[in-house]
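This report concerns only the one structure given below.
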Amino acid sequence: MARPVIVTGFEPFGGEKSNASWEAVRLLPDEVEGHPIHKIKLPVVFGASGDIVEAAIRELEPAAVLSVGEAGGRTCVTPERVAVNRMVARIPDNDGAQPQGDPVVEGGPDAYLSTLPLDDAVSAMSAAGVPSKVSDTAGLYVCNQVMYRVLHAVRSCGLKIPAGFAHVPYTPIQTVSNPERASLSSELSSAGLYSILITSLA
Ligand code: PCA
């Protein structure tokens, strides 16, 4: 059996009833290119979210890791280029924590670059009819922290694998009460994530 691929999404936060990242992740099939997809729903909590994904990486030694978050306001699927070793929260996390500049990992490198094939992934998403673009910042909230922890764990375990993060826009239901907001269907976001996985495993 081929090594699994870890794909994570998040629980709701910021007053929303759903999280577009989990809606897209849960629509993914159970395997890709012969690799079982191990899906994990993470809490929007600094520390705990990173601990959960790090434990999964250590236990499963995956063939690839793709973490996914919701970025309200974005118009397309955005694989992230970089995670930085800082946490700054505009709103408290789901446990009430609101760090203002603490490092993700004390003494860790300032930043990690995604090891996903970003440009090829965007080309594959375009070919699949999914609007997408590489993003140069994942923010400094829980998503950046998870991306940093993923890349730090992969490096610490000596795994040479594609690993990184993508943000997806709100789903249409999240914009009904505010139709000026951008949205993308979960089906399209999920198709985009699938293209990222296929490209990463090629
Ligand atoms: N988005 C937030 C955290 C959880 C999520 O889905 C972020 O972009 O940091």
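Both ligands and their constituent atoms are indexed starting at 1 by order of listing.
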query: Which protein heavy atom lies closest to atom 3 (C) of ligand 1, and at what distance to 0.1 Å?
result: Cys143 SG, 3.2 Å
- prompt: Is there at least one pair of N or O atoms, one from Tyr141 and one from ligand 1, spaced under 3.5 Å apart?
  reply: no
message: Does any part of the side chain of Met147, heavy atoms only, come nearer than 4.5 Å to the side chain of Val82, both counted from C-beta?
response: no
message: Quick test of your reading of the model: are Glu70 and Arg181 salt-bridged, counting only N-O distances below 4.0 Å?
response: no
field: Nitrogen or oxygen atoms of Ser21 and ligand 1 under 3.5 Å apart
entry: no
field: Where ligand 1 meets Asn19 - atom numbers and elements under 4.0 angstrom, heavy-atom basis
entry: 5 (C), 6 (O)
message: Within the 4.5 Å heavy-atom criterion, are Val65 and Ile57 side-chain neighbours or not?
response: yes
message: Under 4.0 Å, heavy-atom basis, I'd like to know which part of Asn144 is in contact with ligand 1: side chain, backbone, both or neither.
response: neither
field: Enumerated ligand 1 atoms positioned under 4.0 Å from heavy atoms of Gly69
entry: 6 (O)
field: Option of least heavy-atom distance to atom 1 (N) of ligand 1 (set: Glu70, Glu16, Arg90)
entry: Glu70
message: Which of the numbered atoms in ligand 1 are under 4.0 angstrom from any heavy atom belonging to His167?
response: 7 (C), 8 (O)
field: Any Asp93 side-chain heavy atom under 4.5 Å of Phe13 side chain
entry: no
- request: Report yes if some heavy atom in the side chain of Ser190 is under 4.5 Å from a heavy atom in the side chain of Arg26; otherwise report no.
  value: no
field: side chain to side chain contact (heavy atoms under 4.5 Å, CB included) partner of Val84, the single match among Val104, Leu140, Thr137
entry: Leu140
